[in-house]
Structure formats: C-alpha cells, structure tokens
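First comes the structure, then the notes that go with it.
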Amino acid sequence: MTSAELLTDWRHRALQLQNAINQAVIGQEDSVAKITIALFARGHVMLEGDVGVGKTTLLRAVARTLGGAYERIEGTIDLMPNDLIYHTYIGEDGKPRVDPGPLLKHGEALSIFFFNEVNRARPQVHSLLLRVMAERSVSAFNRTYAFPYLQVFADRNRVEKEETFEMPSAARDRFLMELRIELPEDPELRTALMFDPRFHQVDALIAQLPEAVVPYREIAALAPQIQASIQASPALQTYALELWQATRRPQDYGVRLDDVDMEELVLAGASARGMSMLLRAARVHAWLDDRDYLIPEDIQALFHEVIGHRIFLTPVYELQREQLIPRLTRAILAQIAAP
Amino acid sequence: MRLILFLLAFTPSILAAAGPQILLERRTPPPFGHRVGSLLTQHLDIFAPASWHLDPASLPPTGPLGDWLEIRHLNWQTRKADGGRRYRIDITYQIFPNPKESLQWALPPVTLRFQTPEEQKSQTVTAPAWPFTVAALTDITRPEDQIALRPLWQSPPALLSPYWWRLAGLGLLLTTLLLVLAWHRRWLPWQRPPFAHRWRKFRRALGAGDTGAALRLFHRALDESAGHALFAHQLDDFCRQQPAFAAQRQALQDFFRLSRRTFFAATPHRPDPARIEALYLACLQAEKRCHS
C-alpha cells in the first residue's frame, strides 16, 4: 500500500471512529471532531464543562473505539503523586501489598488517561502529570515506565475556587487544546438524553460501540506521515504568522474590544509551541477534509481551542478571562485577512 | 507756450499747375522745458479739397529717427468737412540724450503727399522743422561730485493683512462647504463603495498580469463590504447581511474556490484574468444596487 493509499485508508477509519462516537454521545459532533484531531495530532486535551454533560462517556467511547486501556482518576486535595503510580494495602494474609496505580496498571496499553477535576490536585501531582504528558513516561520502582500511546484528557472544575490549585501557565501550554463540552442545544436531543434508556446505562452504551476502529498502537507512526503530507503555501504561512503576532499585540492589527483597553489587555501571547501545535492540529483537519494543503479555515476551526488558553491577560483583566478570551480570539480571526 | 502755424504750402510744380489749396495747421507744445525721456506731440490739422486724399505711405514711420529722437506713436483720422476732407495727425516723439547743458534741437520737417483718386495728380505739403530747447536733467551749476542720487520713490506700503485674512477665511469657508458637499454626496475617495474604490487598481493589476494582486484587491473589497475578514464559509451570513450580493452568491463561491486554488493549493493554479474581471464586475453591479 502506498503512502497516499495508507493515508486515505486511515482517513476513512478516522471518520468511522467519529461516527461511532457520535452514536454514543449525541449532540457533540464538533467536540468529537476536535478530539479526533487531537488523537491524530498526538496532543493532550483539557476538557471544560459542567458536571454530567457526558465528558466521561465521551472519553470512554474514544478509548473503546481506539482499543486501548482507559483509566480515570479524581483530583482531590489529598491526592499525592504516588497515588497515581502505586496502591498499598494490607492483604488478606496480613502482609503489606503494593499494586500498580492507575498509570502503571495497564503498562504500555494505556491509551486514554482521564484526570477529572485536575485543579483539585496539588501542584506536586500536576508536576507528575506534566512529565507524563511531555515525555509519555514515568519513573517508579527504580525503572522507567513508558506510555507511547498515551493521550491525557483532563477536566477542570470551574465552579469552585476554594481548595483548588489553578494549573500554572506552563502546564496549560502542554495541552494541545482546551475543549468546552456543552449540553446539546437541540430540544430533541435533550429529550432523548432524558428518556432514551440507551443513554442511561453507560456501560452497555459503550459496549455497543465497535472496538479498535482505529488501532491505537498505529497512530504514533501515522501522525508524522499526516504532517508530512499536508503542504502550507507562503500565503498560508503569512496568515498564520499574522495570527500569532496578533495574539501578542492585538492592538497593532486593529483588534478592538468594547470596554477594554487593548494596550493593557494581553500580558503574553501564544508561545512558539502553541503555534506549532495549532499548525499540527490544522494539518490533521486538512487531512480529515481530504486535502493535501492547508487553508485558513483549517486554522480558524481550531484557533480558539488551541490558542485561547495560551493567551495570558494582565491581572486587571484575568478575572474576566472566561468572557474576554472568546471575544478576543473571535476578533483576531475577524481582523486578520487571507490571502 | 502754444505755437500755431498757418501754412499755405505750394510746391513749385503745383504753383505752376495752379493746384488746389491744401491748408495745414500745426499745434506744438512749448519749445522749452523738455528733458531726457520727455514726450513731445505735434498735432497736424490739414484741410484738403474734395477729390484729394492723403497718401498713407507718406506718413513718417514709427521708430528711431536718429540717435536722440524716436517717433513713439502716430495716429491719424479723417472726416468730410466744408466741401473737402479734414485730416488730424498726431505724432508723438520721445527724446533720449541727457545733455550736460541746455541745447537747441529741432523736430525734423514732416512732408505729406496728397493725390487724386486715380493718382493722376499729386501734391505735397510740409510741416517745417520745429526747434525746441532740451534742458539738462541735473543742475548745471552744481559740480557732478556733489550730485547724489536720490532713492527711487515708492508708495507707502498698503496694509494688506486684513484683506489676506478675509481671503483666507473665505477660502476656508469655501473649502469647508465643498468638503461638506463632497462628504454628503459621497464624492470623497475613501467614501466610495469598496469595489468601486478599488476598481482602477484592480484593472491596473490585471493589465500588468499580476492576478495575485488583483485577487487580493478583490478580497479586500469583500472584507470591507462585510466589515470583517470574509472567508468562504461565511458567505451565507454575508449574503444575508448584504442582500444585494445574494444574487452573486454563486459567483462569490467561484471566486473563493479560485482564490483557494491560487494561493493555498499544493500545486498553485493560474487563474484566467477575464474570469476574475467578470466576477469583479458582477460584484461591482451588486454593490451599485446596494448603494443606489
């Protein structure tokens, strides 16, 4: 099979994966599409959303269709890094026992690791999580455990501020995208979620999904081929560069927000790593759209999710971040033209 | 002093032929008090009997008469009177030399010829030389080294600033009124609709074969019409907000497809200039409908 045929075959599988997940999690087509992009861009995702909107179901569906192991851990204030690695207890024979923790339990087969309410955990735990995300490995018991197929999904508690530890900027920059999971707007879908028994039994719902539609072990090798197959023209590069610069000094590009002093708004714009991740995700978007070149719409489709959490506001505006960042990213996209 | 001469002039030939009586009367300025640059005018009033007329070729020509004298003007006119014809001839001389002391000079004699209609007979009449005195411009009793040149006389400067201020105010008022009118009528270049504003540049770019620049101008016109950077997936919203463009939706879709292949495709496409121009013209028409 030639490289082009291989990419076409994988594209069909990726679309099958999306369709399968959309069967279990209704009304989340956009989020599912972006998670699919994150999978093939090999990036970690921060999920945001209210309680009970289907984040766990969504991730279990992804793990099922990928075929890898799925683990989930709840962030709590007393959670320590070791709790992710091992679990100690006294066995029935009265002797101490040490079992592998959520990270080590499945070894290399771990494909989806979901850290719920990550900002309830202490910074020491964040530190461990960052290493796992960056290096896909962890040291324990005098050896290094590798997780070559791991994708981390985390959820942030946005409601409570007490006993929480906001993740530092560097940690948020490690996530490819921050994705907001909302309830579907369509009343029919909301009614189905309430009354259709299929959605009440999550285990049964997930079990109905086809397994390993996209074999998780092969994604790591495929991802570089996808990146290499998508071209970026000079005009597109100019557009991406202007977007990047506009995140740093939006006022220089005529970006205006009502009731905001643009000179005082942005403390730091997108990082080089952030823009690199944006283009990586955009290339996957183009590949899923069956194109071998990038267009501005590929970047626009992911701009807010990939770049929004990488723009840091000055303290006077930071408390309004939830309202200002979506307005800012929309205004930047509306102001920067291409070609 | 006024000198009046009555002359009855007969040439010997005419005396012999007992020709008609041609009367000449001369009036001159006073024969003194003239200096360098002075103008002297002698007036000749001539009566010629019927059937006699002045030969204009006998009038002295204007121009220099020597180193010191020049005829500046010569006017003459004639009318019928007293059964004959009267002539009025005014000759203005100007004198040039600046003598150190008063001198006696004379205007040269003026001889005029009269003829019958068929030029069978002719007769001349002459105003004799007229002597006059030319005085020195400076005081001849004063040594030259004591004569100082006085500065040229100049009129006192008029106070023009109030007029300038009024003129400036009027100009400002007129300019403001013109600007208001132009703004009201949307004549100012930046007030013209986006497609019309860029039409010349667009044509120039296409004419120069720079289809890339032409497409970019097209994009900027669309962006300005939409009020933001417009992309293909926003066309539906754009057509809803600008209903005049709704009829051009297909043309705009074609344009974005063309632009995408030109600027972003892995193997760039060279668009047909005629097609781009046709698309632009379609949008120009839509814009006119929008602003009419």
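Just so it is clear: chains get the letters A, B, ... in the order the sequence lines come, proteins before strands, and each one is counted from 1. These numbers come from a predicted model, not from an experiment.
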Exercise. Using non-hydrogen atoms and a 4.5 Å limit, figure out which bit of A:I230 sits close to chain B: side chain, backbone, both or neither.
Key: neither
Exercise. Please check if atom CG in A:D252 has more than 12 non-hydrogen atoms from other residues, nucleotides or ligands closer than 6.0 Å.
Key: yes
Quiz prompt | Proximity breakdown for B:A232 and chain A, heavy-atom pairs closer than 4.5 Å | solution = both
Exercise. Could you tell me which of B:Q234, B:R216, B:H219, B:H228 has the largest number of non-hydrogen atom pairs under 4.5 Å with chain A?
Key: B:H219
Quiz item: Which heavy atom of A:I336 sits nearest a heavy atom of B:A229, and at what distance?
Solution: O-CB, 3.4 Å
Quiz item: Of all heavy-atom pairs between A:I295 and B:F264, which one has the smallest distance, and what is that distance?
Solution: CG2-CB, 4.1 Å
Self-check item: Side chain / backbone / both / neither for B:H233 at chain A, heavy atoms under 4.5 Å
Solution: both
Exercise. Using non-hydrogen atoms and a 4.5 Å limit, figure out which bit of A:L236 sits close to chain B: side chain, backbone, both or neither.
Key: both
Quiz item: Looking at B:F263 and A:S233, what are the two nearest heavy atoms and their distance?
Solution: O-OG, 2.7 Å
Quiz item: Should we say atom CD of A:E322 is surrounded by more than 12 heavy atoms from elsewhere, each under 6.0 Å from it?
Solution: yes
Quiz item: What is the minimum heavy-atom distance between A:A338 and B:R220, and which atoms define it?
Solution: N-NH2, 4.0 Å
